[in-house]
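Presented below is the structure to which this report refers.
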Amino acid sequence: MKVKADDIISTLLSMGDEMQRANLMRFFKTGKGEYGEGDQFIGIKVPDTRLVVKEARLKVPLEEIEVLLASEWHEVRLCGLLLLVEEMKAALPKARQVPTVNAERRGEIARFYLNHARSANNWDLVDMSCPKILGPWLLYPQADGTMPDREVLYRLAASPCLWEQRIAMVTCWMLIRADQYDDCLHLATILMHHPHDLIHKAVGWMLREVGKRDMTTLEGYLDDHAHEMHRTSLRYAIEKMADEKRHYYLFKSRE
């Protein structure tokens, strides 16, 4: 049975809590001149939104998810993005299936996400969606056996939209987990001098993830770039290092 967007919205609106709403609007910087300016919250905790997603998963057509993504309510857009994550999970090859199984569906979901990327207009919406939608899409072959073109990440990084730029960087998380680091390192360099703190944090976070799997690669990158990195990015990148190494790179950044 298909689930309509209006039914999901009605359910979410019934779950709102005014105190939680006020807390979320402060936390996600919705005031004038802040990065989340104008965003509206119902006042729902993420685990409760996930319960709605669990009930509706794989029952909401893309045209209904589109309605959710167009909503003024932050939690409604989150619900739409998490439903899209579930669609991508369902389209991944199962054990012993050929990797091109469901390739057309994965491509459809990825294109839909990219066409609505600006609906993920806060850092939590980006971080909970792009690695699990674009990441798997980029890691599996298309129907003809070729791999999706990762140039899409560089187009996003070159966008004037802060959220699309963060999508480019955070999508690398899934690539890193597959021991593929090159795109992360290239994008970190491209976005290194970005003016916004949310990009500095994303760059440092992804570099730290590289270091968790391959410290030699991270150290090689820092040897070349620590002196020019934003302090926030550097501190995030070296967070898991031993004290001696952390102090070395912090000193190097001041040279």
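The closest side-chain donor-acceptor pair between Thr189 and Tyr221 falls under 3.5 angstrom. Arg26 and Asn23 share a side-chain donor-acceptor pair at under 3.5 Å. Using modelled atom types, one finds no donor on one side chain facing an acceptor on the other under 3.5 Å when comparing Asp197 with Tyr35.
In this structure the side chain of Met241 reaches within 4.5 angstrom of the side chain of Glu219, judged on heavy atoms. Side chains of Ile8 and Cys79 form a contact here, defined as non-hydrogen atoms less than 4.5 Å apart. In this structure the side chain of Leu134 reaches within 4.5 angstrom of the side chain of Leu114, judged on heavy atoms. By the 4.5 Å heavy-atom criterion applied to side chains, Leu191 and Met169 are counted as neighbours. A heavy-atom distance below 4.5 Å is not found between the side chains of Val85 and Met128. In this structure the side chain of Leu175 reaches within 4.5 angstrom of the side chain of Leu153, judged on heavy atoms. Looking at Arg235 and Thr232, their side chains never come closer than 4.5 Å, going by heavy atoms from C-beta outward. Side-chain contact check for Val101 versus Lys94: every heavy-atom pair is 4.5 Å or farther apart.
Using a 4.0 Å cut-off between charged side-chain N and carboxylate O, Asp7 and Lys4 make no salt bridge. Between Glu239 and Arg246 there is no salt bridge, since no side-chain nitrogen of the basic residue lies less than 4.0 Å from a carboxylate oxygen of the acidic one.
Leu51 and Leu24 fall into different hydrophobic clusters, where Ile, Leu, Val, Met, Phe, Trp and Tyr residues are linked whenever their side-chain heavy atoms come under 4.5 Å apart, directly or through other members. Under a hydrophobic-cluster definition in which Ile, Leu, Val, Met, Phe, Trp and Tyr are linked whenever side-chain heavy atoms come within less than 4.5 Å, directly or via other members, Ile9 and Val46 are assigned to the same cluster. Met147 and Leu156 sit in two unconnected hydrophobic clusters of ILVMFWY residues. Membership requires side-chain heavy atoms under 4.5 Å apart, directly or through other members.
Sequence neighbours left out, the pairs with a member in residues 124-136 that pass side-chain hydrogen bond (donor to acceptor under 3.5 Å, both in side chains) are His74-Asp124, Tyr113-Ser129, Asp127-Arg166. Applying the side-chain hydrogen bond (donor to acceptor under 3.5 Å, both in side chains) test to residues at least two apart or on different chains, the pairs with a partner in residues 48-58 are Arg57-Glu86.
Within a 6.0 Å radius of CZ in Arg177, no more than 12 heavy atoms belonging to other residues, nucleotides or ligands are found. Counted within 6.0 Å of NZ on Lys212, heavy atoms from surrounding residues, nucleotides or ligands total more than 12; the atom is thus considered enclosed. Within a 6.0 Å radius of CH2 in Trp173, no more than 12 heavy atoms belonging to other residues, nucleotides or ligands are found. Environment of CD in Glu151: crowded, with over 12 heavy atoms of neighbouring residues, nucleotides or ligands closer than 6.0 Å.
Under a 3.5 Å cut-off, the side chain of Asp214 and the backbone N or O of Val210 do not form any donor-acceptor pair. Proximity of a side-chain donor or acceptor of Gln97 to a complementary backbone N or O of Pro93 within less than 3.5 Å is not detected. Between the side chain of Glu64 and the backbone N or O of Pro61, no donor-acceptor pair lies under 3.5 Å. Checked by atom type and distance alone, the side chain of Asp17 pairs as donor or acceptor with a backbone atom of Gln20 at under 3.5 Å. A donor-acceptor contact shorter than 3.5 Å is absent between the side chain of Ser233 and the backbone of Met229.
Scanning for side-chain contact (heavy atoms from CB on, under 4.5 Å) contacts around Lys59 gives Val3, with sequence neighbours left out.
Under the side-chain hydrogen bond (donor to acceptor under 3.5 Å, both in side chains) test applied with Gln40, the options Glu75, Glu72, Arg21 reduce to a single match, Arg21.
In this structure, Glu87 CD and Leu92 CG are separated by 11.5 Å, a value rounded to the nearest 0.5 Å. For the atom pair CG of Leu82 and CD1 of Ile65, the computed distance is 10.5 Å after rounding to the nearest 0.5 Å. Interatomic distance, Lys201 NZ to Arg208 CZ, rounded to the nearest 0.5 Å: 11.5 Å. Atoms CZ and CG, on Arg106 and Leu138 in that order, are 11.0 Å from each other to the nearest 0.5 Å. Between Ile238 atom CD1 and Leu218 atom CG the span is 9.5 Å, to the nearest 0.5 Å. Atom CZ in Arg150 sits 9.0 Å away from atom CG in Asp182 (nearest 0.5 Å).
The aromatic rings of Tyr154 and His186 sit tilted relative to each other, their planes meeting at an angle between 30° and 60°.
Note: Trp163 and Trp123 fail the aromatic proximity criterion, with ring centroids not under 6.0 Å apart. His116 and Phe112 have their aromatic ring centers within a separation under 6.0 angstrom.
Scanning both residues, Met206 and Cys184, for their nearest heavy atoms gives CB-SG, 3.7 Å. In plain terms, the two heavy atoms of Trp73 and Phe41 that are nearest each other are CZ3-O, 3.4 Å. Looking at every heavy atom in both residues, Ala202 comes nearest to Val170 through CB-CG2, 4.1 Å. The shortest heavy-atom contact between Ala103 and Gln142 is CB-C, 3.6 Å. The minimum heavy-atom distance between Arg118 and Asn121, with the atom names listed, is O-CB, 3.4 Å. Across every non-hydrogen atom of Pro141 and Thr100, the tightest pair is CG-CG2, 3.9 Å.
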Exercise for the section: Run the numbers on Thr171 and Asp183 for side-chain contact (heavy atoms from CB on, under 4.5 Å), then give the verdict. Expected result: CA-CA 10 Å; Thr171 294; Asp183 290 299; over 6 Å; no
Problem - Stepwise side-chain hydrogen bond (donor to acceptor under 3.5 Å, both in side chains) check, Asn122 with Arg77 - result: CA-CA 10 Å; Asn122 214 312; Arg77 297 196 305 281; over 6 Å; no
Exercise for the section: Mind running side-chain contact (heavy atoms from CB on, under 4.5 Å) on Leu198 and Leu162 for me, showing each step along the way? Expected result: CA-CA 8 Å; Leu198 286 175; Leu162 169 68; 4.2 Å; yes
